[in-house]
Undergrad: 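Below is the structure I would like to discuss, written out as structure tokens.
What you see is a predicted model; the values in this text were computed from it and never measured.
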Amino acid sequence: MDPNKYDHQTIDPKWQRYWETNKTFEAKNKGKKKYILDMFPYPSGDGLHVGHPRGYVASDIVAKYYQMKGFDVMHPVGFDAFGLPAENAAIKKGVHPAENTANNVVRFSEQLKSIGLGYDWSRVINTSDPEYYKWTQWLFLKLLENDLAYQKEAYVNWCPNDKTVLANEQVVGGCCERCGTEVVQQKRKQWFFRITAFTEDLIKDLDLVDFPEGTKEIQKNWIGKSEGADITFKVKDSDEEITVYTTRLDTLFGATYMVLAPEYENLDKFITDQQKATVEGYIKEASKKTELDRLADTKDKTGVFTGKYAINPANGEEIPIWVADYVLGSYGYGAVMAVPAHDERDFEFAKKFDLPIRKVVSGGELPYVGEGDLVNSEEFDGESSNTAFVAITKKVDGKITTKYRLRDWLVSRQRYWGAPIPVFYDKDDNPIPIEEKDLPVVLPTDVEFRPSGESPLETSKDFSEIPEKYIKKGAVRREFDTLDTFVCSSWYFLRYTDPNNDKEFAKKDKINYWMPIDLYVGGAEHSTGHLIFARFITKALQKFGYFEFSEPFAKLRHPGMVLGENNEKMSKSRGNVINPDDVIAGFGADALRMYEMFMGPFDQFIPWSTAGIEGVRKFLDRSYRVIRDNHKNEADEDQDLKEKFYDLVVKITKDTENMDFNTAVSAFMVFVNAAIEKEKVSSFWVEDFVKILAPYAPHLAEELWQDILAKKTSIWEESWPEAKKYKVEGRIITVVVQEAGKKRGEVNVKEGASQQDVVDLVDDDPKLEKLLEYKNRIYIQDRIINFY
RNA sequence: GGGCGAGUGGCGGAACAGGUAUACGCGACGGACUUAAAAUCCGUUGCCGCAAGGCUUGUGGGUUCGAGUCCCACCUCGCCCACCA
């Protein structure tokens, strides 16, 4: 063994076992608490890659820091084990998803432990465990009972490859988030959660939490609040009416036609007999298009005339009603008034189909979407768009309303590997909820789980059978769909507070003690999915009275992605994946941990560098040597080193709290370099240095503490040192001397020196004294003096 | 098209609150130790210049005693959303 290096291959596993045996990192359930949480991993077959630890190490450092600060810290971990990727992987491998998932969980657990992450393993959860998903099903029933879960037939996203419906949040650019296949729209009866019941709270309560501003913006955009007005048009020669939503009612006099979405309800009533065949043909074509086709057609709009006319309530004008797929069935009323002069989409459509374009707002070239004074608007001519909006709304008896882009959350899936939805149906297709005491509805194992488009649970022999009790209630059929995995992950953080409770999802006082989460760490890609779902479920459960807070995550931070050495996203296909097992074998867990913190600001994307981790390892070895070789030296307080150690403790404390880990690591390096440069290294700092190093490099710290410094107890029984005992009064510091902002020299003074002290020193300096000729001078204490 | 963010050495990056720009690490170069190599240690390293000195934070302007930091315009890159009326 090289005496210049510490032996990580012995030390790492030794202390990992020690901490596990001694339950070092288990929460105590009393005192002042900190709940520090990572988004739990999806245990895929590939194991961890070096991107995972970036967030895990950060939260681990923060958790360990607060533990040393005397807090009762809960830092748990679990596995988001249900879901499509696990099922697809199992199909590919030809093993049952349960078996495959169990293996992956074992592998992940070993890897997490090998990084020295101080999780409370007594609280580990697995969403595919019946003891867990029993409560996921219970959650479903609670939402159903409170009218926040409902069924409706609607056009939904369907992935033809994975053969399941998807939530809007799982469709990215018109493609399935998981497999990249183009998603198509299909009309199906599905289960939804009424997330839209909380839209306003989901926006407003962002003010209560400490999230990155960008994440708040993304969520606000996703919810997409807009203020406008509802207005009803009568249909000519008919009793029918069409209500539209618009944000530009000021342009009503410019409405020259109307458009209904192909999905518009009772569309038949708005079509003349002559046009019937044409319109039906168009609708058929439109429904075949994938999301991608629709996006691609943005420039080339399509549509057909229905033969009918609506009456503009502002001026009594008859305007033609068209059907076109550039109007979305799922937003507003699925109908719009078209104002081609002041809307780009309407403008293109009108040009293509030669519909009239009438300018009603003065401003720039058409289509002009800005504000301005009205023209061609009868009595409103000359009024500005802003005030005319209200006046016109009043005149045509419109209603000022707010609309949101957010849609209800589609939660049913036609796949196997998920929590079964706990309902039966009667002969009229009304749901009969399964009683809480009959939960869990256990996922059957005798299932042909290859996706066919129908729910795989139907193929189970026993599962279809309906218990006597429910037959009596009128049940004729079971629900075979499973719940979206995002349902499982929308409440897991509550379960950690009381993970083994078999009476309730978690005891109220435990939830209220631990929640809300003081620090939540996980990827920014969850901003519009998981994070919104979890906030919604929290608000729902709060409303039902299960606890007293409205937001689950008090503080949220996103780790930046670790890119490959070639600056590209790490992926198997690019062949640039770094496996943390190899890194740990070669450099040790502490080098991995510290390097991931050192590579750059925590939330930034940074390429991996193997040379970079060597530098961090060198620092750890230098730290090890300087302590091993000098800890028995006299404590003799070297003033200079004392000042530097004071600075170090202040800096590490501040940086750890602010999660500025990169500068914390560099501060450690600066100090160790300074210590090594001394001819005779004093030892007064050694113990406290090991303590502040511990959250960052726990294995080395414990080794130094118990082995080199021969302490009898663990480093984790120690408390975080106070900087002030190293405070040195009257330090000598450097003041820069400037001439009109240009550096001309420097003088050394005692901390807190007055302007006169500094000027006297400048006067004494032959090179600088001529600066005194300047009348004006500005002195910033302990920093700079500028003559001009 | 809309929203958000970022541009600092060869590279990752640092700079409190407008006050020594380039900390720390990598890489590179030179040296010590060694038969040799690795490891370790010492030194140099923004650019121009032998030096004195000058220049430098995407570009151009502005505010200020003083600007990487604030303001205006522009350029480039990244991310998110996107036919949401």
Undergrad: Tell me if B/G25 is syn or anti. Syn = glycosidic torsion within 90° of 0, anti otherwise.
TA: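 That one's anti.
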Undergrad: Between A/Phe349 and A/Tyr257, is the gap from one ring center to the other below 6.0 Å?
TA: yes
Undergrad: Searching all strands shown, indicate the nucleotide that pairs with B/G43 (Watson-Crick or G-U wobble; both distances under 3.5 Å).
TA: B/C29
Undergrad: For A/Asp621, which of A/Arg617, A/Arg625, A/Lys618 qualifies under salt bridge (charged side-chain N to carboxylate O under 4.0 Å, His left out)?
TA: A/Arg617
Undergrad: B/C80 C1' sits how many Å from A/His558 NE2, rounded?
TA: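 Taking NE2 of A/His558 and C1' of B/C80, I get 11 Å after rounding.
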Undergrad: Output one letter per nucleotide in nucleotides 24-48 of chain B: B when a protein non-hydrogen atom lies under 4.0 Å from the base, S when only the sugar-phosphate is that close, - when neither is.
TA: BSS------------SSS-------
Undergrad: Using nucleotides 65-71 of chain B, report all nitrogen or oxygen pairs with the protein that are shorter than 3.5 Å.
TA:
residue, atom, partner, partner atom, Å
B/C65, O2', A/Asn786, ND2, 3.1
B/C65, O2, A/Asn786, ND2, 2.5

Undergrad: Send over the distance from A/Phe668 CZ to B/A23 C1', rounded to a whole Å.
TA: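 Interatomic distance, CZ of A/Phe668 to C1' of B/A23: 16 Å.
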Undergrad: A/Gln219 has an atom CD; how far is it from atom P of B/G3, in whole Å?
TA: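 So the CD-P distance, A/Gln219 to B/G3, works out to 19 Å.
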Undergrad: Any side-chain hydrogen bond (donor to acceptor under 3.5 Å, both in side chains) pairs touching residues 651-665 of chain A, not counting sequence neighbours?
TA: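 Those involving residues 651-665 of chain A are A/Tyr65-A/Glu657, A/Lys651-A/Asp655, A/Thr653-A/Trp720, A/Asp655-A/Thr663, A/Thr656-A/Tyr696.
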Undergrad: Between A/Glu344 and A/Tyr404, just flag the one whose closest nucleotide in RNA chain B comes earlier from the 5' side.
TA: A/Glu344
Undergrad: Quickly work out the A/Met597 CE to B/G12 P distance and round it to whole Å.
TA: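 Atom-to-atom, A/Met597 to B/G12, this comes out as 19 Å.
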